[in-house]
Amino acid sequence: MIELIFPDGSKRAFDEGASGRDVAASIAKSLEKRALLVRLDGELLDLDRPLPRSGTFEILTRESPDALEVIRHDASHVLAQAVQELFPGTQVTIGPAIEEGFYYDFARDEPFSLDDLSAMEARMAEIVDRDEKIVREVWDRNEAIAHFREIGEAYKAEIISDLPEDEVITVYRQGSWKDLCLGPHLPSTRHVGKAFKLTKLAGAYWRGDHRNAQLQRIYGTAWASEADLEAYLKRIEEAERRDHRRIGRAMDLFHLQEEAKGMIFWHPKGWTLYRTVEAYMRRRLETDGYVEVKAPQVMDRGLWEKSGHWEKFGQAMFTCETTEGEELAVKPMNCPGHVQIFNFGQKSYRDLPLRMAEFGACHRYEPSGALHGIMRLRAFTQDDAHIFCREDQIEAETTKFVKLLNSVYSDFGLDLHSVKLALRPDIRAGSDEVWDIAEAKLDRAARQAVNMEVEPLPGEGAFYGPKLEFHLRDAIGRTWQCGTLQLDFVLPERLDAEYVAEDGSKQRPVMLHRAICGSMERFLGVAIENYAGAFPLWLAPTQAVVASITSDADEYAREVAAEMKAAGLRVELDLRNEKINYKVREHSLAKTPVIAAVGRREAEGRAVAIRRLGSEGQTILPLGEAVSALAGEAIPPDLARAALRS
RNA sequence: GCCGGCUUAGCUCAGCUGGUAGAGCAGCGGUUUUGUAAACCGAAGGUCACGGGUUCGAGUCCUGUAGCCGGCACCA
């Protein structure tokens with residue numbers, strides 16, 4: 001007998017060998033029909049699998065988020081079956097569920113074409129209609145390896161060989177097709193439903209390693225219902241309209257061109273936006289106790305050799321040689337420069353923590369395939385700072401930093417998507433004890449400062465220390481690392497940084513590399529997508545347009561614009577011989593937050609008709625009142641807070 | 001860098017199976033003085049990314065290169 005505890009707390013006993021389906025049927029016939037999976041002590045199991053033990057028990061239907069993940073996983077299996085039916089000789093590898101869908105990696109010499117996708121979708125629908133039962137089988141390890149080898153599935157055979165000896169090998173069969181898989185799965189292919197769509201074709205390396213063969217990955221999306229699928233497709237379509245590259249062009253913010261790939265030509269409006277963000281960041285750093293510096297853009301190779309960057313990243317540095325034979329490199333990062341400033345003269349323990357900031361323009365020869373709009377560039381500017389401190393100051397500095405970062409992000413209406421902690425890599429400097437302490441400190445400080453999970457990334461830290469990563473999302477859900485804080489025990493050593501301690505001895509400081517925006521350009525890209533170009537007043541490159549209704553009001557319109565400008569607003573004047581409807585439409589499409597229309601009536605009454613982006617009507621206000629209200633609203637959030645406090 | 005796709009006017013896009021380029025918007029010249037999301041007329045605008053090839057003939061087919069896009073790998 002096994003005993004199951006249901007979600008309502010009730011307990012019931014069932015015969016040994018009873019399956020989830022038996023349990024569901026014993027409750028209600030309708031429940032059996034709707035049941036897809038069961039959860040036993042937190043573990044998801046196939047509906048028809050005999051329950052292996054007693055425990056807390058739950059029946060999952062289509063509506064459960066866990067069921068959706070299994071639907072997606074099964075969709076990937078159905079895809080694999082469809083592909084193997086349509087393209088015999090194609091090898092299967094792996095095909096997991098992912099956020100919003102699934103993918104499957106195939107090995108096939110000939111590339112799939114986009115046109116093949118619709119044929120695959122049709123075949124998938126057919127397999128769903130066949131309603132093939134999905135059956136779990138436990139196989140002997142060696143037999144499984146031999147079998148998959150024999151049928152030409154080398155990748156599957158390799159996966160099994162690499163599994164631990166004691167791992168139970170399960171194979172799931174649907175009709176004549178089968179796949180090695182941990183499961184669980186739906187009872188039959190019908191339950192996958194038809195709310196799926198194959199979305200893209202891509203290359204992907206076997207086991208994520210570029211030295212391995214490249215496989216063909218097919219991505220798809222799958223949902224519990226057609227309505228969910230439609231909503232998803234619509235969401236993606238809408239999101240594509242927020243693409244920073246599209247908005248950048250439409251709003252005339254910047255452009256990129258072949259002759260300087262991976263580098264931005266900022267146009268006047270875009271540069272205004274950039275400078276607004278930079279000025280804001282500069283204030284935030286200043287009030288948080290940072291000093292700002294500026295180090296040379298190009299420095300001698302010798303310095304990069306000493307810092308260790310030449311050896312590790314020399315390939316990715318822009319270099320040049322002078323006619324006198326010096327070898328120079330354009331800085332790919334700011335830290336060695338900052339250490340030079342730290343090293344100049346003597347530093348005392350009283351100077352620590354020394355927070356040295358720079359809006360540092362960096363150049364890196366990024367692989368061509370990595371470039372992406374203004375999110376990933378070859379020339380970018382870090383809002384970089386290095387905190388030189390003692391070991392016992394690391395935790396407080398980290399907490400302080402994360403608080404600042406949180407506050408900055410919230411001023412831009414951004415939600416942190418995730419926080420990750422990259423842990424020690426195989427090849428690293430420093431002893432394990434030092435790493436233990438460093439990792440623990442970052443973890444503790446981050447948890448304390450943000451109210452969210454800190455996801456560990458084993459092996460992904462830099463060789464010189466662990467690294468906190470703060471990720472934001474773009475319009476279509478891709479995440480970008482923006483903020484970062486990295487502990488560094490190595491560079492101070494290599495570049496010989498030291499300070500005089502209380503007892504007069506010379507000590508090595510620890511360095512914290514940290515950035516909030518990461519790259520100004522990437523952060524602006526994320527901000528553009530976040531606001532879809534409709535910036536709040538303090539950020540908008542053009543905050544207001546004064547539009548005349550008839551030429552009678554031109555002179556007054558000039559006066560209004562001048563008043564606004566005098567109040568510090570970024571204002572444009574539109575005196576063109578066009579209808580007000582036309583002007584309103586044009587400036588609305590350009591996402592100008594405020595349109596101040598003036599005609600004869602306003603000129604006579606010394607008023608302005610204020611129209612806000614996104615609202616239908618307008619408010620008529622006396623000129624002075626309108627100007628001071630707008631000027632007040634245009635105050636950056638940090639200054640507004642400061643004003644409130646004083 | 002790797003796999004796949006794309007590249008036609010300033011922008012967004014048409015151009016079927018090869019017969020030497022088309023629209024809307026913007027821009028320019030006029031007319032219109034307008035009350036809150038597109039007034040009207042006109043003229044102009046293109047080495048069809050770049051190079052090579054097949055062909056009587058290439059935007060269209062083949063091939064090379066570049067950039068971009070979607071992934072993968074990379075990201076000090």
Side-chain angles (χ1 to χ4, degrees), chain A residues 103 105 111-117 199-219 240 243 245-246 249-250 252 255-262 304 307-317 331-336 362 364-373 375-377 380 382 460 462-465 467 469 476 478 480-481 484 486 488 490-491 513 518-519 522 547-554 576-590 595-602 609-611 613-618 620:
Chain A
Y103 68 77
D105 286 347
F112 293 121
S113 80
L114 249 27
D115 301 329
D116 295 333
L117 295 188
T199 51
K200 49 200 176 192
L201 210 53
Y205 298 104
W206 168 238
R207 300 206 148 153
D209 190 328
H210 69 277
R211 289 164 302 194
N212 289 340
Q214 190 158 41
L215 307 170
Q216 297 187 60
R217 176 171 297 180
I218 297 173
Y219 282 93
E240 275 165 7
D243 189 309
R245 292 163 293 203
R246 178 190 288 252
R249 186 167 38 230
D252 196 17
H255 84 268
L256 298 113
Q257 68 185 48
E258 272 190 49
E259 289 81 357
K261 48 178 177 289
W304 300 109
S307 72
H309 293 111
W310 188 272
E311 196 200 349
K312 214 164 173 216
F313 299 103
Q315 303 283 70
M317 287 162 80
K331 68 174 179 186
M333 52 181 352
N334 307 297
C335 8
C362 297
R364 296 177 186 175
Y365 191 82
E366 299 284 11
S368 55
L371 302 177
H372 183 104
M375 305 289 213
R376 187 88 182 265
L377 294 159
F380 56 96
Q382 294 178 324
E460 295 205 11
F463 73 98
Y464 50 71
K467 160 174 144 189
E469 301 178 358
I476 61 168
R478 284 180 294 218
W480 295 91
Q481 182 199 306
T484 182
Q486 310 185 14
D488 188 345
V490 174
L491 200 60
H513 308 250
S519 108
R522 175 180 293 182
S548 60
I549 295 168
T550 64
S551 53
D552 296 344
D554 282 3
R576 289 175 306 168
N577 176 11
E578 295 290 352
K579 288 193 159 181
I580 191 64
N581 297 26
Y582 179 86
K583 294 184 183 180
V584 165
R585 175 180 156 81
E586 192 170 89
H587 299 303
S588 300
L589 288 175
I595 299 171
V598 296
R600 201 170 297 144
R601 293 206 294 268
E602 287 75 17
I610 300 289
R611 182 192 170 101
L613 181 62
S615 74
E616 305 244 310
Q618 54 262 301
I620 315 283

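Small disclaimer: the values here were computed from a predicted structure and weren't measured. Reminder, nothing fancy here: chain letters follow the sequence lines and each chain counts from 1.
Note on A/Arg600: a base of the nucleic acid sits closer than 4.0 angstrom, heavy atoms only. A/Gln481 comes within 4.0 angstrom of nothing in the nucleic acid, heavy atoms only. Residue contacts for A/Lys467: at a heavy-atom cut-off of 4.0 Å it reaches the sugar-phosphate backbone alone, with no base atom in range.
When the side-chain contact (heavy atoms from CB on, under 4.5 Å) test is applied to A/Arg576, the partners found at least two apart in sequence or on another chain are A/Asp574, A/Glu578, A/Tyr582, A/Lys583, A/Glu586, A/His587. Contacts of A/Thr199 classified as side-chain contact (heavy atoms from CB on, under 4.5 Å), with partners at least two apart in sequence or in another chain: A/Tyr219, A/Thr221. Listed by chain and number, the residues in a side-chain contact (heavy atoms from CB on, under 4.5 Å) with A/Arg478 are A/Arg245, A/His372, A/Asp474, A/Ile476, A/Trp480 (sequence neighbours excluded). Residues satisfying the salt bridge (Lys or Arg N to Asp or Glu O under 4.0 Å) criterion with A/Asp105, sequence neighbours excluded, are A/Arg217. In this structure A/Glu469 satisfies the side-chain contact (heavy atoms from CB on, under 4.5 Å) test together with A/Lys420, A/Ala422, A/Leu457, A/Lys467, A/His471, A/Gln481, sequence neighbours excluded. Taking A/Asp209 as the reference, A/Arg211 meet the salt bridge (Lys or Arg N to Asp or Glu O under 4.0 Å) condition, with sequence neighbours excluded. When the salt bridge (Lys or Arg N to Asp or Glu O under 4.0 Å) test is applied to A/Asp552, the partners found at least two apart in sequence or on another chain are A/Arg600.
For RNA chain B, if you chain together Watson-Crick or G-U pairs that step i with j, i+1 with j-1 and so on, the runs of at least three with distances under 3.5 Å are B:1-7 with B:66-72, B:10-13 with B:22-25, B:28-31 with B:39-42, B:49-53 with B:61-65.
Of the candidates B/G70, B/U33, B/A37, the closest approach to any side-chain atom of A/Arg245 belongs to B/G70. In this structure, the nucleotide among B/G35, B/U33, B/A39 sitting nearest to the side chain of A/Arg601 is B/G35. For A/Ala609, the listed nucleotide lying nearest its side chain is B/U36; candidates were B/U36, B/U33, B/G70.
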Under 3.5 Å, which protein N or O atoms sit close to an N or O of nucleotides 46-48 of chain B? Give each pair with its distance.
none

For nucleotides 23-31 of chain B, tabulate all protein N/O to nucleotide N/O atom pairs closer than 3.5 Å, reporting atom names and distance.
residue: B/A26; atom: OP1; partner: A/Tyr582; partner atom: OH; Å: 3.2

Enumerate the protein-to-nucleotides 60-66 of chain B contacts in which both atoms are nitrogen or oxygen and the separation is below 3.5 Å.
residue: B/A66; atom: O2'; partner: A/Glu258; partner atom: OE1; Å: 3.0

Polar-atom pairs under 3.5 Å, protein N or O versus N or O of nucleotides 71-74 of chain B: list them with distances, or write none.
residue: B/G71; atom: OP1; partner: A/Arg478; partner atom: NH1; Å: 3.3
residue: B/G71; atom: OP2; partner: A/Arg478; partner atom: NH1; Å: 3.2
residue: B/G71; atom: O3'; partner: A/Tyr219; partner atom: OH; Å: 3.0
residue: B/G71; atom: O2'; partner: A/Tyr219; partner atom: OH; Å: 3.3
residue: B/G71; atom: N2; partner: A/Gly203; partner atom: O; Å: 3.4
residue: B/G71; atom: N2; partner: A/Gln214; partner atom: NE2; Å: 3.4
residue: B/C72; atom: O4'; partner: A/Gly203; partner atom: O; Å: 3.0
residue: B/C72; atom: O2'; partner: A/Tyr205; partner atom: N; Å: 3.0
residue: B/C72; atom: N4; partner: A/Gly369; partner atom: O; Å: 3.4
residue: B/A73; atom: O2'; partner: A/His210; partner atom: ND1; Å: 3.0
residue: B/C74; atom: O2; partner: A/Arg376; partner atom: NH2; Å: 2.8
residue: B/C74; atom: N3; partner: A/Arg376; partner atom: NH1; Å: 2.9
residue: B/C74; atom: N3; partner: A/Arg376; partner atom: NH2; Å: 3.4

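On the C1' atoms, B/U7 is 14 Å away from B/U60, given to the nearest whole Å.
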